[in-house]
Amino acid sequence: MMKCSFCRCKYWHYDENLLTASVVIVFHNEGWSTLMRTVHSVIKRTPRKYLAEIVLIDDFSNKEHLKGKLDEYIKLWNGLVKVFRNERREGLIQARSIGAQKAKLGQVLIYLDAHCEVAANWYAPLVAPISKDSNVNLSPAMAGGLFAIERDFFFELGLYDPGLQIWGGENFEISYKIWQCGGKLLFVPCSRVGHIYRLEGWQGNPPPIYVGSSPTLKNYVRVVEVWWDEYKDYFYASRPESKALAYGDISELKKFREDHNCKSFKWFMEEIAYDVTSHYPLPPRNVEWGEIRGFETAYCIDSMGRTNGGLVELGPCHRMGGNQLFRINEANQLMQYDQCLTKGPDGSKIMITHCNLNEFKEWQYFKNLHRLTHVPSGMCLDRSEILHQVFISNCDSSKTTQKWEINNIHSV
Ligand code: UDP
Ligand code: MN
C-alpha cells in the first residue's frame, strides 16, 4: 500500500469562486532558469481566472540576463507578467512591500521566492482559507517568505515595518502583527511549493554600502522592542551584545500597535504559541556577559567557531563579540549561543558543547576574586598563554593565570 503524508488533500473540494491573486516575486541577481521556472510554473498551474498578474520586482540586480532579455521574454505573456525595477538595492523585505504597492489587480497577494516551483493544485488550498473561516492548522509564526495574504489586510497592517532592512526577522514581524492585531495565520499543507535552498556556508548577497552593520540583528531588535513586551528580556539574555544596537525609531510602530488595540505578547505566548515553552523553556537570566579576558591581559577565551565537543582556546581579545562572546547565567551555565562550556574528555581542557537548560550547570564567577570555579571538580579555570589552552586546575590564589574578568562588549 502506498503511504502519503497528505492523502486527504486529494479528496477535498474547493469553492469554484476563489479570490483572485497577484503573485509577487522579488529577486536580486537570480539565475535565469530558476526565475523562469518559478514564473512558468505559476502560469501553468494556476487557473487563469484567478491569476490577475505576476509582478516581478528586480531588486537592483546587475546581471545582464535580468535586463533587456527579461523585458523581451515576458512579452510572451501579453502583459500578464510585469517587471518593476528598484533604483537601489532595497533588500527582500522592502522589495516585498514595494511589490504590494505595484500589484494592484489581485485581491490576494502571494509571495514567492524567485527559485520556486509551484505544484499542481497549489492555488485553491492556499487561497480558499482566506475567503472563508476554516479550520486548517494554525501556525504561530511563519518560517520564511512564501505566503498569501489578503491585499487590503496587508495594507491595513502597514505592510512590513519600513525600518526593517534587507533580510531577516520580517517573518516574525508579520506573524506577530497578524496574530496580535486580530488576524489569523494558517499553515496549509495541501498547497505544495518547491523552494531551492542554498548550499550550506553560502553567506548571502552582501548588503549594500548604505546599510550599516548587523542589519538582521537590528531587525530582530526592532521586532522584539515593538512586539515582545516584557518577554524581550529573554531575547537580550541570549543575545546580550544586541542591547546597545542603534535600531532606529520605532515610535510609529508602537503607535500602530496602540491604535489597533493589538494584544500583548503574553497573550500570544499563552493562546497561540502555547506549546513553545514546553519544547524551549524560557532561559534563565544572565549574571554576567561579555568577553572572558585573562585579568589584565589581552587574551580572551575564544571558541574559534567550534561547537558540539570542540575545545575552546585562548586568543587575542578582539572586542567584536562573536566567538569571544560568553555569558554566565543564574543556572551556573557558562554559555555561547546554545552551547555550554564544560570539562573535556581529558578531564581538564575545556570544551564547548550543546546543552539544554538542565545541563552543565557547573560554573561560578567570583567577581571580586577574578575567579571562575568549576563547581563539580572544585577546580579553577586556568590558562596557558603560551600554548593558548584553557583548562581547569587546582585553585591557587597566587596563580595569575587563574584570574579572569568578564567585560561587556557591544556589537556595532
Ligand atoms: N532578495 C532580494 N533582495 C535581497 C535579497 C534577496 O530581492 O537583497 C530576494 C531573493 O532573490 C529571493 C527572495 O528575496 O527571491 C528571498 O531571498 P532568499 O532566497 O535569499 O532567502 P532564503 O530563501 O535564503 O531565506
Ligand atoms: Mn529562497
Side-chain angles (χ1 to χ4, degrees), residues 21-43 53-67 69-71 73-74 81-103 109-119 122 126 139 141-149 154 159-175 187 191-220 222-223:
S22 299
V23 174
V24 179
I25 301 167
V26 308
F27 63 89
H28 175 73
N29 280 344
E30 192 66 37
W32 176 260
S33 65
T34 45
L35 177 63
M36 279 308 134
R37 200 180 185 95
T38 313
V39 174
H40 275 270
S41 70
V42 169
I43 290 176
E53 60 188 339
I54 297 180
V55 171
L56 304 177
I57 304 291
D58 173 3
D59 189 20
F60 205 59
S61 301
N62 53 30
K63 290 199 171 170
E64 209 44 51
H65 65 255
L66 297 169
K67 297 178 182 169
K69 182 179 171 186
L70 180 62
D71 291 335
Y73 192 87
I74 61 173
V81 182
K82 299 157 193 180
V83 56
F84 298 92
R85 294 200 159 84
N86 292 341
E87 283 176 7
R88 62 165 195 183
R89 172 95 178 281
E90 295 288 348
L92 79 96
I93 307 171
Q94 299 314 320
R96 286 201 202 123
S97 288
I98 292 168
Q101 270 142 355
K102 302 289 184 193
L109 296 171
I110 302 180
Y111 286 95
L112 298 176
D113 279 8
H115 34 260
C116 288
E117 180 177 338
V118 301
W122 76 295
L126 180 62
S139 170
M142 58 177 107
L146 274 53
F147 64 102
I149 187 166
F154 199 22
L159 308 176
Y160 287 113
D161 163 10
L164 296 179
Q165 293 188 297
I166 306 296
W167 190 98
E170 82 291 349
N171 54 321
F172 293 112
E173 198 236 354
I174 190 75
S175 304
F187 174 63
S191 175
R192 314 295 284 174
V193 175
H195 169 265
I196 303 179
Y197 285 89
R198 304 188 181 294
L199 291 175
E200 210 174 305
W202 197 80
Q203 291 293 306
N205 292 301
I209 302 156
Y210 75 88
V211 171
S213 59
S214 321
T216 303
L217 195 54
K218 282 178 193 157
N219 289 351
Y220 282 127
R222 284 181 77 84
V223 173

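A quick note: this is a predicted structure, and the numbers were derived from the prediction, not measured. Sequential numbering from 1 along the given sequence is applied to the chain's residues. When a ligand or atom number is given, it counts from 1 through the structure's own listing order. Both backbone and side-chain heavy atoms feed into the values below; hydrogens, waters and symmetry mates do not.
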Completion exercise
Contact region, Tyr197 to ligand 1, non-hydrogen atoms below 4.0 Å, reads neither

Problem - Step-by-step side-chain contact (heavy atoms from CB on, under 4.5 Å) determination, Leu164 to Gln94 - result: CA-CA 8 Å; Leu164 296 179; Gln94 299 314 320; 4.2 Å; yes

Problem - For atom 25 (O) of ligand 1, closest protein heavy-atom neighbour - result: Trp167 CZ2, 3.5 Å

Practice task
Identify, by name, the N, O or S atom of His115 lying closest to the Mn ion (ligand 2).
Solution key: NE2

Handout entry: Min heavy-atom dist Gly145 to ligand 1 below 4.0 Å
Key = no

Fill in the blank from the handout: Distance col, row Ile174:CD1 vs Arg96:CZ, nearest 0.5 angstrom, shows 10.0 Å

Exercise for the section: State the CZ-CG distance between Arg85 and Asp71, to the nearest 0.5 angstrom. Expected result: 4.5 Å

Problem - Under 4.0 Å to a heavy atom of His195 - the qualifying atoms of ligand 1, by number - result: 23 (O)

Handout entry: Metal check, the Mn ion (ligand 2) vs His195 N/O/S, cut-off below 2.8 Å
Key = yes

Problem - Residue Lys102 excluded, over 12 heavy atoms near NZ under 6.0 Å - result: no

Completion exercise
If we number the atoms of ligand 1 from 1 as shown, the ones under 4.0 Å from a heavy atom of Arg89 are 4 (C), 8 (O)

Handout entry: Sub-4.0 Å atoms of ligand 1 with respect to non-hydrogen atoms of Ala114
Key = 15 (O)

Practice task
Would you please classify the geometry between the Tyr220 ring and the Phe172 ring as parallel, tilted or perpendicular, with 30° and 60° separating the classes?
Solution key: tilted

Problem - Among Ile25, Val24, Val23, the one residue meeting side-chain contact (heavy atoms from CB on, under 4.5 Å) with Leu56 - result: Ile25

Practice task
State the atoms of ligand 1, each with its element, that fall below the 4.0 Å cut-off from a heavy-atom position in His115.
Solution key: 12 (C), 19 (O)

Handout entry: Closest to atom 16 (C) of ligand 1 among Asp113, Val26, Asn205 (heavy-atom distance)
Key = Asp113

Exercise for the section: Measure from the ring center of Phe154 to the ring center of Tyr160 and say whether it is less than 6.0 Å. Expected result: yes

Completion exercise
Checking heavy-atom distances from atom 6 (C) of ligand 1 to each of Thr38, Leu92, Asp59, the winner is Leu92

Completion exercise
re atom 11 (O) of ligand 1, the protein heavy-atom contact at minimum distance is His28 N, 3.1 Å

Practice task
If you have a sec, work out which protein heavy atom is nearest atom 20 (O) of ligand 1 and how many Å separate them, to one decimal?
Solution key: Arg198 NH2, 2.4 Å

Exercise for the section: Quick one: pull up CD1 in Ile54 and CD1 in Ile110 and give me the separation to the nearest 0.5 Å. Expected result: 10.0 Å

Problem - Proximal ligand 1 atoms for Glu30, defined as those under 4.0 Å from one of its heavy atoms - result: 11 (O)

Problem - Polar contact flag for Ala95 and ligand 1 (N/O pairs, less than 3.5 Å) - result: no

Exercise for the section: Name whichever N, O or S atom of Asp113 ends up nearest to the Mn ion (ligand 2). Expected result: OD2

Practice task
Could you check Leu66 against His28 for side-chain contact (heavy atoms from CB on, under 4.5 Å), going step by step and ending with a plain yes or no?
Solution key: CA-CA 9 Å; Leu66 297 169; His28 175 73; over 6 Å; no

Practice task
Measure from NZ or CZ of Arg88 to the centre of the six-membered ring of Tyr210, then state whether that distance is under 6.0 Å and the direction lies within 45° of the axis.
Solution key: yes

